[in-house]
Each structure stands twice: as structure tokens, then as C-alpha cells.
Amino acid sequence: MSEIKSRDSKITGVGCDVTKCKYNTRDRKCSASGIEVGNEKASTKGETYCSTFCPRGCSD
């Protein structure tokens with residue numbers, strides 16, 4: 001199972017290149033309070049995905 005940090009804590013050190021995600025900062029970091037990476041059957045990096053993605057302007 002995946003682990004998500006509580007909403008009270010801030011994750012640090014997670015880079016993000018997805019410029020259309022509302023959690024992507026100007027310095028290409030993830031500003032979400034927690035992330036979830038999906039596809040439990042992934043065997044390569046390209047088969048994984050960030051299910052925390054939210055397009056800019058969306059509400060959680």
C-alpha cells in the first residue's frame with residue numbers, strides 16, 4: 001500500500017516537471033502536503049504516475 005503524509009505536514013525535496021499541475025512551484029518542486037504515486041503493477045519508471053496531479057485552477 002502507498003503511504004501519504006498527513007495534511008498537517010509539508011513534503012520537502014520532491015521535484016516536479018509537470019508545469020500544468022497546481023502543486024508545481026516556480027523552482028520545479030512539489031508543494032502538495034502529500035503525494036501518491038500509482039500503478040501497483042509498474043515495472044519501469046514510465047509506468048508510474050502521480051495521482052496527486054491536479055490541473056492549475058482545480059480544487060481538491
Side-chain angles (χ1 to χ4, degrees):
M1 281 236 166
S2 60
E3 181 181 324
I4 300 178
K5 290 193 169 205
S6 73
R7 296 261 179 216
D8 297 335
S9 62
K10 222 31 164 174
I11 57 173
T12 58
V14 177
C16 180
D17 290 330
V18 184
T19 57
K20 294 187 179 196
C21 181
K22 76 181 243 174
Y23 299 114
N24 184 301
T25 64
R26 288 184 178 187
D27 60 348
R28 295 179 19 192
K29 302 287 183 195
C30 180
S31 66
S33 60
I35 61 171
E36 185 170 341
V37 178
N39 192 359
E40 63 189 41
K41 297 180 185 206
S43 59
T44 67
K45 179 172 66 172
E47 294 174 335
T48 63
Y49 60 88
C50 178
S51 57
T52 308
F53 173 81
C54 189
R56 293 199 183 274
C58 80
S59 61
D60 324 79

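All values below come from the heavy atoms of this structure, side chains included, with hydrogens, waters and symmetry mates left out. What you are looking at is a predicted structure, and each value in this text was computed from that prediction instead of being measured.
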If I take atom OH from residue Y49 and atom CD from residue E36, how far apart are they, to the nearest 0.5 angstrom?
8.0 Å
If you look at every heavy atom in G34 and T52, which pair is closest and at what distance?
O-CG2, 3.5 Å
Do V18 and C50 have side-chain heavy atoms sitting under 4.5 Å apart?
no
Once side-chain contact (heavy atoms from CB on, under 4.5 Å) is applied, do any residues pair with E47, and if so which ones, sequence neighbours excluded?
N39, A42, S43, T44
With sequence neighbours excluded, residues passing salt bridge (charged side-chain N to carboxylate O under 4.0 Å, His left out) with D17
R28
Nearest heavy-atom pair of C30 and C16: which atoms, and what distance?
N-CB, 4.2 Å
What pairs with T48 under side-chain hydrogen bond (donor to acceptor under 3.5 Å, both in side chains), at least two apart in sequence or on another chain?
none
Inter-residue atom distance C58.SG - K20.NZ, 0.5 Å rounding:
14.0 Å
Heavy-atom side-chain proximity of K29 to T12 below 4.5 angstrom
no
When rounded to the nearest 0.5 Å, the distance separating OG of S31 from CG of N24 is 8.0 Å
